[in-house]
Amino acid sequence: MIRVENLTVAYGAFKALTDISVDLGQRGQVHSIIGPNGAGKSTFMDAIVGKRRPSAGRIFYKDRDISRETIQWRRKNGMARSFQKTSIFPGLTIFEQLDLVAKHLDEPDLDAIIDTMDLREVLNVEATRAAYGVQRRVDVALGLIGMPDILLLDEPGAGLSAEETANLFRHLRKLAAERNIAAVVVEHDVEAVFALSDVVTVLDLGRHLATGTPAEIRANPQVVAAYLGTAA
């Protein structure tokens, strides 16, 4: 659903991203974006969700050029997002905040989201008192409300253990299949990425290095030299 053409993002003379072209967002799939620190992963996600405007190049969503569209336009038209920090509302239970957003966005099946993200047993817990792994699942659930076509997540595993990150990715795979949406994920946990992603894109020094299946990326000598050889 997303096509990036020759994307460049510059901060003054410094280019955080240079001439990136890649397709993202196949329905029913998890597409992960990885790379070393400073590769430009978060800047790339910021450009897709509208937080950062391209200095050059274009971003298409369902064949429409959205390079200058607002964050609000993107959310209204089916692009949902989640960030490194949780969007938990203080003072509300998990159900209260899910219900509040569901009513605002006319979500027809909040129960399905609750079950997909395995939140049924914690609905009456105050969100800020829930375990951090639960908070991350709530954050994803908030992004799912309103029936988006694509869910974009920036390091949803930040602050989680390896087991918790793998569990979150399993929920992402389930929701992508059950709700027929695309999930695009920036993530640093390469083991979870390779175990549970359908497609992987690698960035390095602000450039597109490779895109392929997890097996193809693991076997790519450029990726091994730039990232995987030192990722452990």
Side-chain angles (χ1 to χ4, degrees), residues 1-87 101-102 104-107 139-156 158 172 175-176 179-188 197-211:
M1 279 181 280
I2 293 176
R3 186 171 80 255
V4 178
E5 292 186 354
N6 307 115
L7 176 66
T8 295
V9 175
Y11 302 95
F14 171 70
K15 289 185 178 180
L17 301 174
T18 302
D19 201 30
I20 292 178
S21 295
V22 66
D23 292 337
L24 306 164
Q26 179 72 31
R27 285 187 182 275
Q29 290 189 350
V30 176
H31 188 142
S32 293
I33 300 167
I34 63 173
N37 291 335
K41 302 183 297 295
S42 289
T43 300
F44 182 68
M45 185 67 79
D46 284 349
I48 291 173
V49 303
K51 190 176 178 181
R52 179 71 57 182
R53 284 196 172 184
S55 304
R58 296 189 294 175
I59 300 169
F60 292 87
Y61 173 58
K62 298 180 181 178
D63 294 324
R64 172 178 175 145
D65 187 347
I66 63 166
S67 306
R68 297 291 184 253
E69 297 290 358
T70 64
I71 292 173
Q72 292 76 15
W73 184 94
R74 296 174 204 223
R75 184 62 173 97
K76 183 178 179 181
N77 286 275
M79 295 177 66
R81 58 186 183 143
S82 175
F83 298 107
Q84 291 182 30
K85 295 183 179 180
T86 61
S87 302
V101 177
H104 178 69
L105 295 176
D106 297 321
E107 168 58 48
D139 210 37
V140 174
L142 289 170
L144 285 172
I145 291 172
M147 306 211 43
D149 294 311
I150 185 166
L151 181 62
L152 301 134
L153 302 104
D154 190 359
E155 296 203 17
L172 288 176
L175 72 88
R179 295 176 76 88
N180 195 32
I181 69 171
V184 178
V185 187
V186 169
E187 183 52 57
H188 67 279
S197 300
D198 298 290
V199 183
V200 180
T201 287
V202 186
L203 302 183
D204 183 43
L205 298 175
R207 295 180 180 272
H208 175 244
L209 189 60
T211 292

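In this text, all values refer to a predicted model and were calculated from it rather than measured experimentally.
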Asker: Do NZ/NE/NH1/NH2 and the carboxylate oxygens of Glu69 and Arg74 come within less than 4.0 Å?
Answerer: no
Asker: With a 3.5 Å distance limit and no angle check, can you tell me whether Glu155 reaches the backbone of Glu187 through a side-chain donor-acceptor pair?
Answerer: no
Asker: I need the Asp139 CG to Leu144 CG distance, nearest 0.5 Å.
Answerer: 10.5 Å
Asker: Checking Asp23 now: which residues fulfil side chain to side chain contact (heavy atoms under 4.5 Å, CB included) with it, not counting sequence neighbours?
Answerer: Arg3
Asker: Please list, chain by chain and in numerical order, all residues satisfying salt bridge (charged side-chain N to carboxylate O under 4.0 Å, His left out) with Asp204, sequence neighbours excluded.
Answerer: none
Asker: Any chance you could lay out the side-chain contact (heavy atoms from CB on, under 4.5 Å) test for Phe44 and Val186, step after step, and finish with the verdict?
Answerer: CA-CA 9 Å; Phe44 182 68; Val186 169; 5.7 Å; no
Asker: Quick one: does Tyr61's side chain get under 4.5 Å of Asp149's, heavy atoms only?
Answerer: yes
Asker: Should Met79 and Ile48 count as side-chain neighbours, where that means a heavy-atom distance under 4.5 Å?
Answerer: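 Answer yes - side chains close enough.
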Asker: Looking at every non-hydrogen atom in both residues, tell me the closest pair between Pro148 and Gly143 and how far apart they are.
Answerer: CG-O, 3.5 Å
Asker: Checking Leu152 against Ile2 for the side-chain contact (heavy atoms from CB on, under 4.5 Å) test, could you report, in this order, the C-alpha distance in whole Å, the side-chain angles of both residues, the deciding distance, and whether it holds?
Answerer: CA-CA 11 Å; Leu152 301 134; Ile2 293 176; 4.2 Å; yes
Asker: Rounded to the nearest 0.5 Å, what separates atom CZ in Arg52 from atom CG in Leu7?
Answerer: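 Between atom CZ of Arg52 and atom CG of Leu7 there are 12.0 Å.
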Asker: Mind listing the closest non-hydrogen atom pair of Ser67 and Pro54 along with its distance?
Answerer: O-CD, 3.7 Å
Asker: Please round to the nearest 0.5 Å and tell me the distance separating atom OG1 of Thr211 and atom NE2 of His31.
Answerer: 5.0 Å
Asker: Just wondering, more than 12 heavy atoms not from Met1 lying within 6.0 Å of its CE?
Answerer: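 Yes, because the 6.0 Å sphere around CE of Met1 holds more than 12 heavy atoms from other groups.
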Asker: Could you tell me the separation between the NZ atom of Lys76 and the CG atom of Leu105, rounded to the nearest 0.5 Å?
Answerer: 11.5 Å
Asker: Apply side-chain contact (heavy atoms from CB on, under 4.5 Å) to the pair Lys51 and Met45, showing each step before the final yes or no.
Answerer: CA-CA 8 Å; Lys51 190 176 178 181; Met45 185 67 79; over 6 Å; no
Asker: Closest approach of Ala10 and Ser55, non-hydrogen atoms and distance?
Answerer: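 Smallest interatomic distance, heavy atoms only, reads N-OG, 2.9 Å.
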Asker: Rounded to the nearest 0.5 Å, how far does CG of Asn77 lie from CD1 of Ile66?
Answerer: 9.0 Å
Asker: Side chains of Asp46 and Val9: does their closest heavy-atom pair fall under 4.5 Å?
Answerer: no
Asker: Before accepting this row, confirm whether a basic side-chain N of the pair Arg81/Asp154 lies closer than 4.0 Å to the acidic partner's carboxylate O.
Answerer: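 Salt bridge absent between Arg81 and Asp154.
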Asker: Could you measure the distance from the CG atom of Asn6 to the CG atom of Leu17? Nearest 0.5 Å is fine.
Answerer: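 The CG atom of Asn6 sits 12.5 Å away from the CG atom of Leu17.
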Asker: Carefully, step by step, assess Leu172 and Leu153 under the rule side-chain contact (heavy atoms from CB on, under 4.5 Å).
Answerer: CA-CA 10 Å; Leu172 288 176; Leu153 302 104; 4.1 Å; yes
Asker: Locate the shortest heavy-atom distance separating Ser197 from Ser32; write the atom from each residue and the value.
Answerer: OG-OG, 2.6 Å
Asker: With a 3.5 Å distance limit and no angle check, can you tell me whether Arg27 reaches the backbone of Asn180 through a side-chain donor-acceptor pair?
Answerer: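 Confirmed, Arg27 side chain pairs with Asn180 backbone.
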Asker: Is the backbone of Val202 close enough, under 3.5 Å, to the side chain of Lys41 for a donor and an acceptor to pair up by distance?
Answerer: no
Asker: Any idea which heavy atoms bring Thr70 and Trp73 closest together, and the distance?
Answerer: OG1-N, 2.9 Å
Asker: Test of understanding: with side chain to side chain contact (heavy atoms under 4.5 Å, CB included), list the residues that count as partners of Thr18, not counting sequence neighbours.
Answerer: Lys15, Arg207
Asker: Could you report the tightest heavy-atom contact between Thr201 and His208, atom names first, then the distance?
Answerer: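 Minimum heavy-atom contact is CG2-CD2, 3.7 Å.
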